Student: 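Supplied in structure tokens, the structure appears directly below.
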Amino acid sequence: QVQLVESGGGLVQPGGSLRLSCLASGISVNGYAMGWYRQAPGKQREMVARITNYGSTNYADSVKGRFTISRDGAKNTVFLQMNSLKPEDTAVYYCNVARAATAYWGQGTRVTVSS
């Protein structure tokens, strides 16, 4: 059974940083493409960052140069380092993996960027 558990969200001032974690069980984070998505109030869920099983990454234009996705196979965890945060980054952030045509999501972690 695949489970994803996000953590690390919180309240941060504009310009600040946070690091989100996604602890996976039931799969190896090195063996699948893993992604971070976010959903702001009243908006659709959008892809933020993605890392393939080969280690290549891609980012939404809105976060390029500010966010970095990475993984630690020993901890079976995927990270999202978020720097230079802006109020428009406020959202619930979700970890995602697809296996055998099934998408799995964590429960989400809330990020609020406000002064």
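Please read these numbers as outputs of a predicted model, since none were measured by experiment. For this chain, numbers begin at 1 and follow the sequence in order.
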Student: Any chain of hydrophobic side-chain contacts (each under 4.5 Å) joining V78 to Y37?
Tutor: no
Student: Once you round to the nearest 0.5 Å, how far does OG of S21 lie from CZ of F79?
Tutor: 4.5 Å
Student: For I27, does its backbone N or O pair with a side-chain atom of N76 as donor and acceptor, under 3.5 Å?
Tutor: yes
Student: Kindly indicate whether the side chain of I69, heavy atoms from C-beta on, has any atom under 4.5 Å from the side chain of W36.
Tutor: yes
Student: Can you confirm whether N96 sits close enough to Y104 that some side-chain heavy atom of one is under 4.5 Å from a side-chain heavy atom of the other?
Tutor: no
Student: Report whether Y94 and L80 are members of the same hydrophobic cluster (ILVMFWY, side-chain heavy atoms less than 4.5 Å apart, transitive linking).
Tutor: no
Student: Under 3.5 Å, sequence neighbours excluded: what are the donor-acceptor pairs made by side chains of residues 105-115?
Tutor:
unit_1 : atom_1 : unit_2 : atom_2 : d
Q107   : NE2    : E6     : O      : 3.1
T109   : OG1    : G9     : N      : 3.0

Student: Got more than 12 heavy atoms from elsewhere within 6.0 Å of CD, Q44?
Tutor: no
Student: At their closest point, which heavy atom of V29 faces which heavy atom of A24, and how far apart are they?
Tutor: CG1-CB, 3.7 Å
Student: When R66 is tested against each of K86, M82, Q81 for side chain to side chain contact (heavy atoms under 4.5 Å, CB included), which residue passes?
Tutor: K86
Student: Between V97 and L4, is a side chain to side chain contact (heavy atoms under 4.5 Å, CB included) present by the stated rule, with each step listed?
Tutor: CA-CA 9 Å; V97 64; L4 305 172; 3.9 Å; yes
Student: Is the side chain of R71 donor-acceptor paired with the backbone N or O of M34 at a distance under 3.5 Å, no angle test?
Tutor: no
Student: First locate atom CG of L20, then atom CZ of F67, and finally report the distance between them rounded to the nearest 0.5 Å.
Tutor: 8.0 Å
Student: Is the side chain of T77 donor-acceptor paired with the backbone N or O of K75 at a distance under 3.5 Å, no angle test?
Tutor: yes
Student: Same hydrophobic cluster for V92 and M47, using side-chain heavy-atom links shorter than 4.5 Å among ILVMFWY?
Tutor: yes
Student: Is there a path of hydrophobic side-chain contacts, each under 4.5 Å between heavy atoms of I, L, V, M, F, W or Y residues, that connects L18 with Y59?
Tutor: yes
Student: Give every residue pair that meets the salt bridge (charged side-chain N to carboxylate O under 4.0 Å, His left out) criterion with at least one member in residues 30-40, sequence neighbours excluded.
Tutor: R38-E46, R38-D89
